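Since this is a predicted model, take the numbers as computed values, not measurements.
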Amino acid sequence: MILEFSQGKLIANPNELMVRLNGPGRITLQAAADAVELVGIANVVTAFGGGISWSVQLDSHDQLEALAEELGLEIKGAR
């Protein structure tokens, strides 16, 4: 699944998530699906593991729901 949002693209499958951010840095963030948490109150995707932590805020709850379905994860802190 490829999902575009204002800051870049999410590329997801049931096993992993990759976030490609727009801009001159062309930053890419990657995480295994089991290291990802979806936070519904703020539409935030977070990843923790191996001493690394990152988060990205999505544009809408609909985007978060689509990502939850693709990754097979539940959204924490529902709206």
**Q** Check the pair V19, K9 against side chain to side chain contact (heavy atoms under 4.5 Å, CB included), reporting the backbone distance first and the verdict last.
**A** CA-CA 6 Å; V19 181; K9 291 181 184 179; over 6 Å; no
**Q** Does F48 form a side chain to side chain contact (heavy atoms under 4.5 Å, CB included) with V36? I'd like the steps, not just the answer.
**A** CA-CA 7 Å; F48 300 95; V36 173; over 6 Å; no
**Q** Please list, chain by chain and in numerical order, all residues satisfying side-chain hydrogen bond (donor to acceptor under 3.5 Å, both in side chains) with Q7, sequence neighbours excluded.
**A**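 By the side-chain hydrogen bond (donor to acceptor under 3.5 Å, both in side chains) rule, Q7 matches no residue at all.
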**Q** Under the side chain to side chain contact (heavy atoms under 4.5 Å, CB included) rule, collect the residues that match up with N22, sequence neighbours excluded.
**A**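 Scan of N22 (side chain to side chain contact (heavy atoms under 4.5 Å, CB included), adjacent residues dropped) gives R26.
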**Q** Would you indicate whether E69, at its atom CD, is surrounded by more than 12 heavy atoms from other residues, nucleotides or ligands within a distance under 6.0 Å?
**A**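 No, CD of E69 has 12 or fewer neighbouring heavy atoms, counting only those of other groups under 6.0 Å.
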**Q** Would you please name every residue forming a side chain to side chain contact (heavy atoms under 4.5 Å, CB included) with V44, sequence neighbours left out?
**A**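 Side chain to side chain contact (heavy atoms under 4.5 Å, CB included) check on V44 returns V39, A42, T46, S55, Q57.
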**Q** Could you check whether any side-chain heavy atom of L38 comes within less than 4.5 Å of a side-chain heavy atom of E65, counting everything from C-beta outward?
**A**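 L38 does not reach E65 side chain to side chain.
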**Q** Which residues pass the side chain to side chain contact (heavy atoms under 4.5 Å, CB included) test with I27, sequence neighbours left out?
**A**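 For I27 the side chain to side chain contact (heavy atoms under 4.5 Å, CB included) partners, ignoring immediate neighbours, are L21, L29.
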**Q** So, using side-chain hydrogen bond (donor to acceptor under 3.5 Å, both in side chains) as the criterion, who are the partners of D59 when residues are at least two apart?
**A**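 Once residues adjacent in sequence are excluded, the partners of D59 under the side-chain hydrogen bond (donor to acceptor under 3.5 Å, both in side chains) criterion are S6.
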**Q** Nearest heavy-atom pair of P14 and A33: which atoms, and what distance?
**A**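 Nearest pair, atom of P14 first, then A33: O-CB, 3.4 Å.
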**Q** Hey, could you give me the NZ/CG distance between K76 and L64, rounded to the nearest 0.5 Å?
**A**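 Reported value, rounded in 0.5 Å steps: 11.5 Å.
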**Q** Identify the two heavy atoms, one from N13 and one from E70, that lie closest to each other, and give their separation to 0.1 Å.
**A**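 Looking at all heavy atoms of both residues, the shortest contact is CA-OE2, 3.5 Å.
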**Q** First locate atom CG of D34, then atom CG of L73, and finally report the distance between them rounded to the nearest 0.5 Å.
**A**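 Here the rounded value is 9.0 Å.
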**Q** Give the minimum heavy-atom separation between A68 and I75, together with the two atoms involved.
**A**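 Smallest interatomic distance, heavy atoms only, reads CB-CG1, 3.8 Å.
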**Q** Of all the heavy-atom pairs spanning A12 and L17, show the shortest one and how long it is.
**A**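 In terms of heavy atoms, the two residues are closest at CB-CD1, 4.0 Å.
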**Q** Apply side chain to side chain contact (heavy atoms under 4.5 Å, CB included) to L3 and list each qualifying residue two or more places apart in sequence or on a separate chain.
**A**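 M1, L10, Q63.
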